[in-house]
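Lettering follows sequence order; numbering is per chain, from 1.
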Amino acid sequence: MSPASTAASTAPGPESTDRSRLLLVDGHSMAFRAYYALPVENFSTTTGQHTNAVYGFLSMLIKLLDEERPTHLAVAFDMAGGTFRTEQYAEYKANRDAAPAPFAGQIDLIHEVMSAMNVTILEREGFEADDILATLAVSAARSGMEVLVISGDRDTFQLVDDDVTVLYPIRGVSTLTRMTPAAVLEKYAVVPSRYPDLAALVGETSDNLPGVPGVGPKTAAKWVNLYDGLDGVIANADQIAGKAGQSFRDHLDQVIRNRRLNELLIDVELPVGPADLERRPVDREAVHQLFDTLEFDVLRERLFATLPEIAEDAVSPGVQVDVVAVGDLPDGLGPWLETHVPAGTLAGVDVTGTAAQGGGDAWTLAVASVGGHAVTIDLTDVAQTDEQTLAGWLADADRPKVVHDAKAAWHMLRGRGLELAGIGFDTALAGYLAHPDQRRYALADLSVRYLRRELVETEESGGQAVLALDENAGTADTAAGTRAQVLAELADVLGADLERRGGRRLLHDVELPVQRVLREMERVGICADTDNLEELRSGFDDAVERHAAAAYEAIGHEVNLSSPKQLQEVLFDELDMPKTKKTKTGYTTDADALAELYAKTSHPFLEHLLAHRDQIRLRQTAEGLLKSVSPDGRIHTTFHQTIAATGRLSSTDPNLQNIPVRTADGLRIREGFVVGEGYGALMTADYSQIEMRIMAHLSGDAGLIDAFQSGEDLHSYVASSVFEVGTDEVTPAQRSKIKAMSYGLAYGLSAFGLSRQLGIEVAEARTLMDVYFERFGGVREYLTGVVAHARRTGYTETIMGRRRYLPDLTSDNRQRRDMAERMALNAPIQGSAADIIKMAMIGTDRALTEAGLTSRLLLQVHDELVLEVAQGEEQQVDELVRREMGAAAELSVPLDVSVGTGRSWRDAAH
DNA sequence: TTGCGTCCCAC
DNA sequence: CAGTGGGACGCAAA
């Protein structure tokens with residue numbers, strides 16, 4: 001396949017053809033669906049206007065415009081007053097209640113928005129919206145257009161054919177099912193043109209059209225197919241046997257009437273034809289005004305993001321990148337760099353290689369300017385003068401560079417003895433800050449999203465997939481040059497997007513500096529006591545064997561103790577134990593449930609099973625750590641800076657942020673992390689109760705702020721206030737309840753969750769929460785405010801302005817909405833803590849360097865830093881770390897830091 | 001081999 | 001029906 005055809009087939013959006021696409025919307029029925037899908041109490045403006053139906057309708061429409069990319073568009077509405085159908089049958093739709101009060105006026109608002117968006121609105125006295133849609137759909141299809149009908153009325157299924165598709169809402173308005181001829185046939189067992197025949201027999205309750213009693217969709221479909229349509233069924237009415245047949249004959253008039261009423265008109269006289277419905281540019285000013293009054297900040301963003309004229313603003317002209325190999329430069333690399341990326345301009349730098357810990361390597365490097373010139377350098381075969389020029393240029397902090405994931409690039413280049421400095425922009429970090437929920441920020445994705453240019457895979461470079469713009473596809477070299485060029489362009493466009501999202505400072509003052517710190521921490525690694533870990537591993541191994549044998553003994557046969565499925569058979573079938581909580585695939589066998597079963601049955605199998613689980617995991621942890629020890633005797637984790645949506649780091653290969661600490665055996669594993677040669681001790685420094693301190697700061701709650709300034713134990717202080725006893729009279733039980741409550745708040749805890757956590761009644765939990773909020777009213781106010789603000793703006797924010805976008809806050813799915821609310825409660829708190837410790841890392845690293853100390857940072861575990869302290873520096877580093885961590889942010893409460901030192905990570909605990 | 005489900009470690 | 005992660009294992013589907 002040629003690169004060009006690959007590009008065409010992977011183009012975003014619907015199949016790109018020259019055919020016109022007409023989108024026809026049944027305004028009333030979709031607005032109604034939206035009204036019932038979205039809770040009205042969550043959607044009203046400060047002036048009290050309800051907007052849930054408007055919101056849902058627009059949300060759906062914008063999604064369709066984005067996904068279906070129609071060229072033509074119209075919305076039809078029913079009009080007040082009767083139609084020809086009510087004239088023929090007074091009871092038609094007579095069963096419908098009057099529209100609920102909050103719905104009133106929302107249709108008018110939708111009208112207004114449609115006008116502002118320059119969308120054609122169609123309505124005609126005496127006809128329903130569906131008749132208008134049917135008329136347009138049929139004539140559009142005849143003229144060769146592709147038609148999409150959006151309606152919650154099943155009668156529209158009769159329109160479906162190869163050219164006309166109905167999108168029918170299944171739940172709410174966000175999920176539409178595509179009714180094609182095949183889909184109709186599959187669901188109703190009749191072809192679309194016979195759907196009204198079937199509906200006439202079955203009836204349609206929402207239209208107040210009763211069907212034939214005793215005849216359901218199955219029977220109706222059978223008859224319609226057997227007798228070739230409803231006319232045939234009627235003609236053969238006498239031959240239909242059974243009760244259903246008699247019932248049909250008894251209700252024949254009714255069926256004929258139903259059929260007459262559910263036929264959609266296709267000859268309504270209209271002032272416009274399909275060709276007149278071509279999409280027109282929206283009236284931006286009018287839309288802004290309207291959305292201002294509706295307080296639709298999120299929808300505004302979404303709408304303008306889908307509009308073609310906006311997209312085109314962001315498209316940089318397709319650039320043919322002029323890629324040249326360094327060996328072909330007549331004057332060598334130096335002059336090329338001076339010409340194409342002179343001082344003061346950002347250069348795109350693409351590095352190909354492996355970033356493996358300790359032993360990274362780089363093969364190809366490309367440098368490019370925005371102007372469309374790129375040079376590629378084969379690092380395995382480069383002239384000495386060029387190599388020197390390159391080394392100097394890469395290491396020059398005053399020559400700013402754009403790199404995608406500069407930490408990885410730095411590790412690669414280091415394998416070739418090259419230093420990389422002057423990272424002025426990192427496209428992966430910027431992409432993350434702009435959209436922190438994505439988890440993956442591949443260059444190809446950023447290119448499509450921000451430059452509207454697709455990078456396609458070429459088959460070059462030793463089997464490794466290489467991305468290039470299709471017009472530059474070819475060798476690995478040209479691909480690398482093209483990527484470098486894309487990087488240079490992305491810095492502009494992505495930088496502007498980040499600026500709009502208020503993320504520029506975060507990138508330059510937080511993420512880029514912390515990236516440099518992390519890269520050093522990864523390079524240094526932490527020393528492992530392999531003898532100790534080896535001994536542990538074999539000890540755990542023995543315990544695993546012992547408990548497995550004892551467990552088998554207890555039930556008389558062997559079983560895979562690591563298989564929940566097999567365990568369920570043993571516990572619930574063989575041993576007939578009481579059933580535990582349900583999971584998707586059966587009954588849970590988690591530790592809590594097993595402990596409960598043990599309390600009830602005292603069966604020895606359970607005891608050994610639990611111990612086996614415990615020991616097998618510890619063994620695995622020890623073994624995993626041993627496997628990841630590098631030849632230098634140290635463990636080099638990788639910190640990921642673009643994974644956690646809240647701004648936290650994550651750690652992999654191995655994950656050093658989840659090393660056990662709670663149990664005695666777990667602590668022994670921490671003894672396997674020790675101070676390295678030439679250093680005196682490990683030091684840990686953690687923030688105490690940083691999340692509650694942030695809560696105090698953000699909420700401004702006077703009581704909570706007092707609690708921290710009083711110097712008393714936080715939870716005792718809060719408990720004494722809630723239970724109205726002296727701080728020295730608080731019982732341990734009261735303290736732990738309050739502790740769970742306080743921390744639960746930051747997770748969006750419910751009374752149910754709290755009751756389960758504490759093993760108390762829901763009512764008691766609710767009372768506890770009520771009293772808590774009575775005493776600390778600022779907290780409640782803050783929490784409700786966070787969600788309200790996020791719903792209005794679309795995002796939450798940390799103290800450093802880190803955003804998290806939560807579109808699900810307005811979802812019509814309750815579960816998703818509740819989840820988004822809990823995320824909104826948690827993100828500012830967890831995210832602010834992440835901001836603070838990142839600032840602390842930057843400050844600590846800089847202070848260590850400035851003080852000329854050799855002590856260094858090794859690990860970060862969310863609220864804790866681990867350092868390796870040189871002999872004789874302990875006192876100085878202790879003070880320095882306390883100072884830097886304490887000064888990382890200005891809160892209305894102090895940032896307390898506790899510090900400990902020791903030979904191992906365990907000993908350094910405090 | 002891949003992806004999902006369950007379980008469990010950390011903060 | 002408590003937020004953010006990583007990772008091991010079993011198991012079914014491919």
> Tell me, for nucleotides 5-11 of chain B in 5' to 3' order, what letter each nucleotide earns: B for a base near a protein heavy atom under 4.0 Å, S for only sugar-phosphate near one, - for neither?
Replying inline: SSBSBSB
> Restricting to pairs with a member in residues 750-771 of chain A, which pass salt bridge (Lys or Arg N to Asp or Glu O under 4.0 Å), not counting sequence neighbours?
Replying inline: A:Lys737-A:Glu764
> Who are the side-chain contact (heavy atoms from CB on, under 4.5 Å) partners of A:Ala543, not counting sequence neighbours?
Replying inline: A:Arg546, A:His547, A:Gln615
>> Of the options C:dG6, C:dG3, C:dG10, whose atoms approach the side-chain atoms of A:Thr652 most closely?
In response: C:dG6
> Checking all strands, does A:Met819 fall into the base, sugar-phosphate, or nothing category for heavy-atom contacts under 4.0 angstrom?
Replying inline: sugar-phosphate
> OP1, OP2 of C:dG6 versus side-chain N and O of A:Ser650: anything below 4.0 Å?
Replying inline: yes
> A:Gln566 has an atom CD; how far is it from atom P of C:dG10, in whole Å?
Replying inline: 9 Å
> Rounded to the Å, how far apart are A:Asp653 CG and C:dG5 C1'?
Replying inline: 14 Å
> Can you check the A:Phe639 CZ to C:dT4 C1' distance for me, whole Å?
Replying inline: 16 Å
> Rounded to whole angstrom units, what separation is found between the CG atom of A:Leu625 and the C1' atom of C:dA8?
Replying inline: 13 Å
>> Rounded to whole Å, how long is the line connecting atom CZ of A:Phe540 with atom P of C:dA8?
In response: 17 Å
> Looking at A:Gln815, does any N or O in its side chain come under 4.0 Å of the phosphate oxygens OP1/OP2 on C:dC1?
Replying inline: no
> Near DNA chain B, which residues from residues 901-910 of chain A have a heavy atom under 4.0 Å away?
Replying inline: none
> What pairs with A:Glu574 under side-chain contact (heavy atoms from CB on, under 4.5 Å), at least two apart in sequence or on another chain?
Replying inline: A:His557, A:Val570
> With no hydrogens and no angle check, is any side-chain donor or acceptor of A:Arg670 less than 3.5 Å from a backbone partner on A:Ile659?
Replying inline: yes
> For A:Phe572, what residues pass the ring pair (Phe, Tyr, Trp, His ring centres under 6.0 Å) criterion, not counting sequence neighbours?
Replying inline: A:Tyr587
>> Please classify the nucleic acid contact of A:Arg814 as base, sugar-phosphate, or nothing, using heavy-atom distances under 4.0 Å.
In response: nothing
>> The criterion is side-chain contact (heavy atoms from CB on, under 4.5 Å); which residues satisfy it with A:Thr663, sequence neighbours excluded?
In response: A:Asp665
> If you pin A:Asn826 and A:Arg439 to their nearest nucleotides in DNA chain C, which one's is more 5'?
Replying inline: A:Asn826
>> Which residues pass the side-chain contact (heavy atoms from CB on, under 4.5 Å) test with A:Asn658, not counting sequence neighbours?
In response: A:Asn655
>> With a 4.0 Å limit, can you tell me whether A:Lys565 has a side-chain N or O closer than that to the phosphate oxygens OP1/OP2 of C:dC9?
In response: no
> So, A:Asp713 and A:Arg735, do they make that salt bridge, N to O below 4.0 Å?
Replying inline: yes
> Under a 4.5 Å cut-off applied to non-hydrogen side-chain atoms, are A:Ile738 and A:Tyr772 in contact?
Replying inline: yes
> For the pair made of CZ in A:Arg802 and P in C:dT4, what is the distance, rounded to whole Å?
Replying inline: 15 Å
> Quick one: salt bridge (Lys or Arg N to Asp or Glu O under 4.0 Å) pairs with a partner in residues 814-823 of chain A, sequence neighbours left out?
Replying inline: A:Arg791-A:Glu821, A:Asp808-A:Arg816, A:Arg814-A:Asp818
> Which nucleotide, C:dG3, C:dG5, C:dC11, lies nearest any side-chain atom of A:Ala644?
Replying inline: C:dG5
>> Rounding to an integer number of Å, can you tell me how far A:Gln620 CD sits from C:dG7 C1'?
In response: 9 Å
> How is A:Arg804 classified with respect to the nucleic acid when contacts are heavy atoms under 4.0 Å: base, sugar-phosphate, or nothing?
Replying inline: sugar-phosphate
> Hey, can you pull the residues of residues 777-794 of chain A with a non-hydrogen atom under 4.0 angstrom from DNA chain B?
Replying inline: none
>> With a cut-off of less than 4.0 Å, is there a side-chain N or O of A:Arg756 near OP1 or OP2 of C:dC1?
In response: no
Donor-acceptor pairs are to be reported for all side-chain atoms of residues 829-841 of chain A against protein atoms at under 3.5 Å, with residues two or more places apart or in another chain.
from     : atom 1 : to       : atom 2 : distance (Å)
A:Gln830 : OE1    : A:Thr646 : OG1    : 2.7
A:Gln830 : NE2    : A:Asn826 : OD1    : 3.3
A:Ser832 : OG     : A:Ile799 : N      : 3.1
A:Ser832 : OG     : A:Pro828 : O      : 2.5
A:Asp835 : OD1    : A:Arg802 : NE     : 2.8
A:Asp835 : OD1    : A:Arg802 : NH2    : 3.0
A:Asp835 : OD2    : A:Thr798 : OG1    : 2.5
A:Asp835 : OD2    : A:Met800 : N      : 3.3
A:Lys838 : NZ     : A:Glu511 : OE1    : 3.2
A:Lys838 : NZ     : A:Glu511 : OE2    : 2.9
A:Lys838 : NZ     : A:Gly647 : O      : 2.8

> With respect to the side chain of A:Thr646, which nucleotide from C:dC1, C:dG10, C:dT4 is positioned closest?
Replying inline: C:dT4
>> For a quick check of understanding: with a heavy-atom distance under 4.0 Å over all strands, which category does A:Ala827 fall into, base, sugar-phosphate or nothing?
In response: nothing
> Does the distance from a Lys or Arg side-chain N to an Asp or Glu carboxylate O, for A:Glu522 and A:Arg519, drop under 4.0 Å?
Replying inline: no
>> Categorize A:Asn560 for me: base, sugar-phosphate, or nothing, with a 4.0 angstrom heavy-atom threshold over every strand shown.
In response: sugar-phosphate
> Looking for any heavy atom pair under 4.0 Å, which part of the strands does A:Ile643 touch: base, sugar-phosphate only, or nothing?
Replying inline: sugar-phosphate
> How would you list all residue pairs meeting side-chain hydrogen bond (donor to acceptor under 3.5 Å, both in side chains) that involve residues 900-910 of chain A, not counting sequence neighbours?
Replying inline: A:Asp529-A:Arg903, A:Glu671-A:Arg906, A:Thr684-A:His910, A:Asp686-A:His910, A:Glu864-A:Trp905, A:Glu874-A:Thr901, A:Ser898-A:His910, A:Ser904-A:Asp907
> Taking atom P of C:dC9 as reference, at what distance in whole Å does atom CG of A:Leu567 sit?
Replying inline: 15 Å
